[in-house]
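Everything below concerns the one structure shown next.
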Number of protein chains: 2
Amino acid sequence: MKHVTIKDVAKRLNVSISSVSRAFNDKYDIKKETKELILKTAEEMGYFPNPIAKKLSQNKTFNIGVVVPEFINEYYSEIIIGIQEVFMAHGYQVLIAQSDEKPEIELKNVKTLIHSMVDGLIIAPTMDSGNMEYYLKELNAGYPIVFMSRVKETLEASKVYFNNKKWAFFAAEHLIRQRYKNIYYLAGYKSLNVSIDRIEGFKRAMNKHKIPKENYKVIETGLLAEEGMQVIEDLIYNHDLPDAIFCFNDRVAMGAIAKLKSNGIKVPEDIAVMGFTETRMVDLITPKLSSVKQPTFDMGKNAAELLFKQINNSLMEPQTIVLNGELTIRESSVRN
Amino acid sequence: MKHVTIKDVAKRLNVSISSVSRAFNDKYDIKKETKELILKTAEEMGYFPNPIAKKLSQNKTFNIGVVVPEFINEYYSEIIIGIQEVFMAHGYQVLIAQSDEKPEIELKNVKTLIHSMVDGLIIAPTMDSGNMEYYLKELNAGYPIVFMSRVKETLEASKVYFNNKKWAFFAAEHLIRQRYKNIYYLAGYKSLNVSIDRIEGFKRAMNKHKIPKENYKVIETGLLAEEGMQVIEDLIYNHDLPDAIFCFNDRVAMGAIAKLKSNGIKVPEDIAVMGFTETRMVDLITPKLSSVKQPTFDMGKNAAELLFKQINNSLMEPQTIVLNGELTIRESSVRN
DNA sequence: ACCGTTTCCGGTATCGTTTCCGGTAAAATA
DNA sequence: TATTTTACCGGAAACGATACCGGAAACGGT
């Protein structure tokens with residue numbers, strides 16, 4: 001049960017502790033034979049360098065922290081996998097915390113992670129939180145942080161995000177090209193940075209194609225299917241139905257479709273629906289859902305690589321990476 | 001940038017290191033006033049105890065490891081959230097690794113985690129792997145491990161799992177009670193422990209209700225929607241369609257439904273479909289999917305609590321917790 | 001034979017904490 | 001008043017590794 005330490009190995013072979021250490025980190029002078037002998041007996045004795053001790057003496061934990069709003073949905077799960085792939089290859093452990101969309105919890109998580117001495121942080125902020133001041137303070141103190149996904153363009157820090165404006169524009173334009181005349185955008189939370197950008201993209205498409213102001217609308221929903229359903233219910237109640245709906249995400253879209261169908265409204269014959277942030281479900285529902293795919297995996301990888309560079313001081317200036325996606329038209333948004 | 005250490009605080013107040021240490025872990029003799037003074041100035045100086053050093057001297061990392069097959073789907077995500085809730089409340093960090101359903105990667109992850117000195121492990125094994133010997137060796141050496149979800153009943157270790165037999169039985173019985181006569185079970189991977197149990201539950205229901213052997217079938221699929229689609233395609237090709245289908249999970253069920261619908265076969269009018277391991281999607285698809293809900297969150301919490309007890313030596317005998325679920329009948333499996 | 005350069009290795013300080021041990025002074029007891 | 005407790009505190013030894021320093025041996029060239 002007792003752990004084998006470097007001393008035990010040294011004593012066994014009558015060599016010094018230093019020699020054993022050198023054998024394991026082969027950057028120093030050591031004779032090939034002694035090195036091999038040491039490694040061999042260490043193996044036999046079941047010795048491996050104690051990572052905690054290593055962390056202490058090097059003042060590095062080889063841990064990084066990731067704070068996301070949630071990872072129930074595949075979006076952040078996939079991002080995390082991208083991050084893990086990069087960092088595990090470098091021998092790092094990735095600590096994951098979720099803020100449950102609450103800025104207070106996010107801040108608490110960040111502080112916990114910093115206190116547990118992670119070498120760097122990747123943060124996907126919740127709503128546009130007051131936490132930014134705190135993060136910027138840490139950044140200025142030289143702490144490596146990369147922001148991800150829900151970030152302001154103007155933020156003075158390394159960041160990776162999706163070009164929401166552009167792809168919301170494309171999605172909206174697609175609906176216009178399909179000759180839908182009344183288009184509503186179910187916009188998620190308006191206070192979310194990504195929402196603001198997508199609304200802008202949506203409006204830009206409306207303007208470009210000279211859709212009159214009274215023919216489109218931006219309606220605040222939430223992020224959940226239930227909230228999509230609620231909005232549709234309200235619209236039905238108010239006899240205020242458009243002929244096309246563009247949704248903040250696939251969940252909202254699926255909620256909307258379900259509610260429309262249960263009211264005998266056909267998709268896309270009566271009303272077209274377009275999702276966003278494509279999920280695996282798009283092909284499995286009827287009608288198949290048009291959506292914009294985000295490169296989740298790449299977002300994680302890019303953020304991780306930026307952070308890794310920052311940790312190793314090979315990145316001097318904050319860098320921004322803006323990612324593009326893919327618009328796939330399926331059944332839910334086409335005229336027959 | 002330089003970290004404030006216990007020494008700095010001690011020097012500042014002209015007290016000994018020990019006193020500062022005592023102030024932070026209030027189990028030793030220390031005068032109330034000195035303690036408060038120390039804590040106050042420490043706060044001012046921005047000092048907090050270096051967790052790494054603490055880990056080293058206590059020979060504990062306050063980290064635990066969790067190895068799951070994947071966390072793209074909500075099932076394991078929710079379990080992980082349950083685990084995190086318990087351990088974060090005790091000041092632990094949770095390290096998450098995924099095996100991508102591959103036993104080799106699972107073993108590699110477990111070894112990495114053990115080498116990084118986690119205080120305990122929670123493992124949701126992939127397929128019935130040869131790794132068990134290794135795990136049992138570690139268990140016998142006194143290493144705290146709790147198994148979860150995909151476990152053999154007979155395993156001599158602490159474990160938490162869902163009563164698959166029972167609830168597969170209930171699900172199958174429901175289909176029988178709806179007067180479906182030909183029932184096929186799309187069984188996931190047959191080598192999976194949970195599969196074996198669900199098959200047994202399924203067959204038990206068939207036997208109890210004296211369904212003739214030629215009227216039911218167990219077909220191996222995988223875990224993915226695409227694999228459900230593939231099986232349905234084969235059945236259609238072979239003109240071998242039952243009047244009810246029970247699926248290993250909701251993904252397979254949704255794949256099956258999609259394929260049936262695209263071939264003009266109506267669900268549930270022509271063929272009923274039943275899922276398992278309920279997902280959030282059940283209410284959003286047409287028809288709404290009947291399924292068995294597993295208490296994912298509780299599974300995580302229970303596993304975590306077992307592990308926590310093991311770590312603190314307050315659990316002498318391995319303990320087994322078998323969880324029950326909830327069968328919700330929706331549109332996909334009822335006669336009109 | 002002499003010297004300089006490599007190659008190899010051991011000793012020791014250091015990292016930041018906890019914990020054990022011992023000591024002093026005040027308080028409680030006889 | 002004399003003696004024993006108690007409360008409080010400081011010193012120093014772990015914990016397990018790495019980094020630095022300096023010394024010894026080996027080697028090759030003149």
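Remark: C1' of C:dT18 and CZ of B:Phe24 are 14 Å apart, rounded to the nearest angstrom. Look at CG on B:Asn59: it is 13 Å from C1' on C:dT17, rounded to the nearest Å. For A:Ile38 and D:dA17, the CD1 to P distance is 13 Å, given to the nearest whole Å. When rounded to the nearest whole Å, the span between CG of A:Asp8 and P of D:dC15 equals 10 Å. Whole-Å rounding puts the A:Asn25 CG to D:dC20 C1' distance at 15 Å. Computed from coordinates, the B:Lys35 NZ to D:dA7 C1' distance equals 15 Å when rounded to whole Å. As a whole-Å value, the separation of A:Gln58 CD from D:dG16 P is 17 Å. Between the CD atom of B:Glu36 and the P atom of D:dC8 there is a distance of 13 Å, given to the nearest Å.
For B:Phe87 and B:Tyr92, the ring centers sit closer than 6.0 Å to each other.
Applying the 4.0 Å criterion to OP1 and OP2 of D:dC15, one finds that A:Asn50 has every side-chain N and O outside that range. At C:dC15, one or more side-chain N or O atoms of B:Lys7 fall inside 4.0 Å of OP1 or OP2 (strictly under the cut-off).
Contact check for B:Gln294 versus B:Tyr161: no side-chain heavy atoms found under the 4.5 Å cut-off. A:Leu95 is listed as a side-chain neighbour of B:Leu95, based on a closest heavy-atom distance under 4.5 Å.
The residue B:Leu56 sits close to a base: some heavy atom pair falls under 4.0 Å. Note on A:Tyr47: only backbone sugar-phosphate atoms sit closer than 4.0 angstrom, heavy atoms only; bases stay farther off. Using a 4.0 Å heavy-atom cutoff across all strands shown, A:Phe48 reaches sugar-phosphate atoms only and no base atom.
For A:Glu106 and A:Tyr135, the side-chain atoms include at least one donor-acceptor pair closer than 3.5 Å.
Checked for salt-bridge contact, A:Glu104 and A:Lys108 miss the test: no charged N lies under 4.0 Å from a carboxylate O.
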Just distance, no hydrogens or angles: give the donor-acceptor pairs under 3.5 Å from side chains in residues 114-123 of chain A, sequence neighbours left out.
residue: A:Ser116; atom: OG; partner: A:Leu113; partner atom: O; Å: 3.1
residue: A:Asp119; atom: OD1; partner: A:Thr61; partner atom: N; Å: 3.0
residue: A:Asp119; atom: OD1; partner: A:Thr61; partner atom: OG1; Å: 3.2
residue: A:Asp119; atom: OD2; partner: A:Thr61; partner atom: N; Å: 3.4
residue: A:Asp119; atom: OD2; partner: A:Phe62; partner atom: N; Å: 2.7

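When the nucleotides D:dA17, D:dC9, C:dT18 are ranked by their closest atom to the side chain of B:Ile6, C:dT18 comes out on top. Comparing D:dT18, D:dC9, C:dT17 by their nearest atom to the side chain of B:Lys31 picks out D:dC9. Of the candidate nucleotides C:dC9, D:dC15, D:dT18, D:dT18 has the atom nearest to the side chain of A:Ser21.
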Atom pairs under 3.5 Å: protein N/O with N/O of nucleotides 10-12 of chain D:
residue: D:dG10; atom: OP2; partner: B:Ser16; partner atom: N; Å: 3.0
residue: D:dG10; atom: OP2; partner: B:Ser16; partner atom: OG; Å: 3.0
residue: D:dG10; atom: OP2; partner: B:Ser19; partner atom: OG; Å: 2.5
residue: D:dG10; atom: N7; partner: B:Arg22; partner atom: NH2; Å: 2.9
residue: D:dG10; atom: O6; partner: B:Arg22; partner atom: NH1; Å: 3.4
residue: D:dG11; atom: N7; partner: B:Ser18; partner atom: OG; Å: 3.2
residue: D:dG11; atom: O6; partner: B:Ser18; partner atom: OG; Å: 3.1

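Ring orientation note: the planes of A:Phe308 and A:His90 are close to parallel, at an angle under 30° on the 30°/60° scale.
Map B:Ser57 and B:Lys32 each onto its nearest nucleotide of DNA chain D; the residue landing nearer the 5' end is B:Lys32.
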